[in-house]
Amino acid sequence: MSKVHVKTGDQVVVINGKDRGARGKVLQVSPEEGKVIVEGINVVSKHVKPRKMGEPGGIIKAESALYASKVQLICPKCGRPTRVGHVYEEVKGKTKKMRVCKKDGCGAKFE
């Protein structure tokens, strides 16, 4: 089992490739492949065949997966791309692992 540093709903920035610098929300995460699908990033044209009678076919635009290592999480407090650190906190009598911003002086927690 492999892990990915981002979760569905996180705001990320692309750090290399044709969409470098673009920001978007993570729509889907595939930890087995180490890939993510980000809203509005890596858009490709797909040829779609009509499946039912009367349903139109044609060419549609859709987001394609890209490797999770190509995206970096955006801190909600400082608004900068950051690596993710982890801290353990006591919440209602249970120890919970929290993700935090690694930038100097920030330390904001991700939900």
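We use all heavy atoms of the structure for the numbers below, so side chains are in, but hydrogens, waters and symmetry mates are not. When a residue number appears, it is its place in the shown sequence, counting from 1.
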If you take all heavy atoms of [X] and [Y], which pair is closest and at what distance?
X	Y	answer
Glu63	Gly40	OE2-N, 3.0 Å
Ile41	Ala22	CD1-CB, 3.3 Å
Cys106	Cys75	SG-SG, 3.4 Å
Thr82	Cys101	OG1-SG, 3.6 Å

- How does the hydrophobic cluster around Val100 look, that is, which other residues are in it when side-chain heavy atoms under 4.5 Å mark a link?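 Val100 shares its hydrophobic cluster with Val87, Met98.
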
- Task: Linking directly or through intermediates, with side-chain heavy atoms under 4.5 Å: list the remaining ILVMFWY members grouped with Val91, chain and number order.
- Result: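 Members besides Val91: none; it forms no cluster.
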
- Message: Among residues at least two apart in sequence or on other chains, which ones pass side-chain hydrogen bond (donor to acceptor under 3.5 Å, both in side chains) with Lys61?
- Response: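 With neighbours one apart ignored, the set is Ser45.
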
What's the separation between atom [atom1] in [X] and atom [atom2] in [Y], rounded to the nearest 0.5 Å?
X	Y	atom1	atom2	value
Ile37	Gln28	CD1	CD	4.0 Å
Lys35	Ser64	NZ	OG	7.0 Å
Ile60	Lys46	CD1	NZ	5.5 Å
Phe110	His5	CZ	NE2	10.0 Å

- Is there any salt bridge (Lys or Arg N to Asp or Glu O under 4.0 Å) pair reaching into residues 12-33, and which pairs are they, with sequence neighbours excluded?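 Qualifying pairs: none.
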
- Residue pairs passing the salt bridge (Lys or Arg N to Asp or Glu O under 4.0 Å) test where at least one lies in residues 97-106, sequence neighbours excluded: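 Non-adjacent pairs meeting salt bridge (Lys or Arg N to Asp or Glu O under 4.0 Å): Asp10-Arg99.
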
- Query: Got a sec, which residues hit salt bridge (charged side-chain N to carboxylate O under 4.0 Å, His left out) with Glu89, two or more places apart in sequence or on another chain?
  - Reply: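 With neighbours one apart ignored, the set is Lys109.
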
Say whether [X] and [Y] are linked into one hydrophobic cluster, either directly or through other cluster members, by side-chain heavy-atom distances under 4.5 angstrom.
X	Y	value
Leu66	Val12	yes
Val71	Val4	yes
Val38	Val84	yes
Val29	Leu73	yes

